[in-house]
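Heavy atoms only: backbone and side chains are in, while hydrogens, waters and symmetry mates are out.
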Amino acid sequence: MHLVRYLSPVDGRPISGLRTGDTVSSLAGINTFAELLQLSLDDLQAAVGKVGEAEPVEGLKFLPPLDGRGEVWCAGVTYERSRGARMEESSEQSVYDKVYSADRPELFQKAPAWRVVVDGEPVGIRTDSGHDVPEPELAVVANSHGEIVGFTVCNDMSSRSIEGVNPLYVPQAKLFAGGCALASGIRPVWEVADPKNLGIRLVIERDGVEVFADTTSTAKLVRELQDLIDVLFLPNDFPDGVILATGTGIVPELDFALAAGDIITITIDEVGTLTNTVAVGREPFAFLATDNLEGTR
């Protein structure tokens, strides 16, 4: 099962629901994910047991699994492969080696809820970059109490050329239109037996041909998931919950860069799949501001 948000086929308003296979049911008494993620883990699990009548998912439009004041954050350099790739591309190699083994993790804000794209929507690359890659990541969903309540799939799009010039350019390399994609569903934490032992696969297709593929496992993640959440919550409140992408263990070699029209598919065992097509610039993402203004996201 997955916790999802989708548009009502009757009046077009966002609905919070529970997807099981090819059917979805609304959550009784829960209007938004903000309300859902304000609940304790025990209360959230109880809420999931109270659903309406099931309907087929065919034809439904699914929305990002975050709303209200929800935010997406990221942890960086949490896999040995990420450390190596960052050092290879950077003019300041030592900072990545140090943060990989430091007590304090690298954490940065990726996107507020309204900037997030979902499965089937485009992801973006900057017009002033020239070397961009996807970063497939297990994303931890935490409620307002700092409890891990579920998991989803994140594509933390990244400009290697911008960050490579100077690590202080990380915000520009990471925060841009279409830079954060999430799978449409949250897999509840009680349904994932061992989140530190999940296979992750990335496939990139160009003109119908597979041009890159690789796999990794969350077993290679050097940080503990709850430790990352604890550090994130230490100085911050997240009244409507937060999603923390936990870093990537897959980085293409330096001779590979994304291009417009590439199709990116990320699959994480027991969690879900995320597929997006690459678009360039900010114009293809104007709908994010418009749809949110109209209350349809």
Would you give me the side-chain donor-acceptor pairs under 3.5 Å for residues 236-243, sequence neighbours excluded?
unit_1	atom_1	unit_2	atom_2	d
Asn236	ND2	Leu232	O	3.3
Asp240	OD1	Gln38	NE2	2.9
Asp240	OD1	Arg69	NH2	3.2
Asp240	OD2	Arg69	N	2.8
Asp240	OD2	Arg69	NE	3.1

Is it true that a side-chain atom of [X] and a backbone atom of [Y] form a donor plus acceptor pair closer than 3.5 Å?
X	Y	result
Ser217	Lys220	no
Thr277	Pro122	no
Thr296	Asp291	yes
Asn292	Trp114	yes
Asn155	Pro136	no
Arg19	Gly21	yes
Glu121	Val118	yes
Arg297	Val116	yes
Ser129	Arg126	no

| note | Separation between CD1 (Ile263) and CD (Glu205), nearest 0.5 Å, reads 5.5 Å

| request: Inspect the contact between Arg13 and Asp11 and indicate whether a charged nitrogen and a carboxylate oxygen are less than 4.0 angstrom apart. | output: yes

Hydrophobic cluster identity match, [X] and [Y], side-chain contacts under 4.5 Å:
X	Y	value
Leu41	Leu37	yes
Val140	Val4	no
Val280	Val211	yes
Ile186	Met1	yes
Phe108	Tyr169	no

| task | Kindly check if the number of other-residue, nucleotide or ligand heavy atoms within 6.0 Å of NZ (Lys196) is above 12? | result | yes

| said: Please check if the number of heavy atoms outside Asp22 that lie under 6.0 Å from its CG is greater than 12. | reply: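 Open: at most 12 neighbouring heavy atoms sit under 6.0 Å from CG of Asp22.
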
| field | Pairing residues for Asp132 by the salt bridge (Lys or Arg N to Asp or Glu O under 4.0 Å) criterion, not counting sequence neighbours | value | none

| What residues, two or more places apart in sequence or in another chain, satisfy salt bridge (Lys or Arg N to Asp or Glu O under 4.0 Å) together with Glu71? |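 Checked Glu71 against salt bridge (Lys or Arg N to Asp or Glu O under 4.0 Å); zero matches.
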
| request: Flag this pair as yes if the NZ/CZ of Lys110 is under 6.0 angstrom from the six-membered ring centre of Phe176 and inside a 45 degree cone about the axis; otherwise no. | output: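 The answer is yes; both the distance and angle limits are met.
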
| said: Show every ring-ring contact (aromatic ring centres under 6.0 Å, His included) that has at least one partner inside residues 19-70, sequence neighbours left out. | reply: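 Counting only pairs at least two positions apart or across chains, no ring-ring contact (aromatic ring centres under 6.0 Å, His included) contact touches residues 19-70.
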
| Which pairs pass ring-ring contact (aromatic ring centres under 6.0 Å, His included) with one or both residues in residues 247-276, sequence neighbours excluded? |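 Qualifying pairs, neighbours excluded: Phe212-Phe256.
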
| field | Qualifying residue, where the test is side chain to side chain contact (heavy atoms under 4.5 Å, CB included) with Leu138 and the options are Val192, Thr218, Ile266 | value |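 The option that passes is Thr218.
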
| request: List in chain and number order the residues that pass side-chain hydrogen bond (donor to acceptor under 3.5 Å, both in side chains) with Asp269, two or more places apart in sequence or in another chain; answer none if no residue qualifies. | output: none

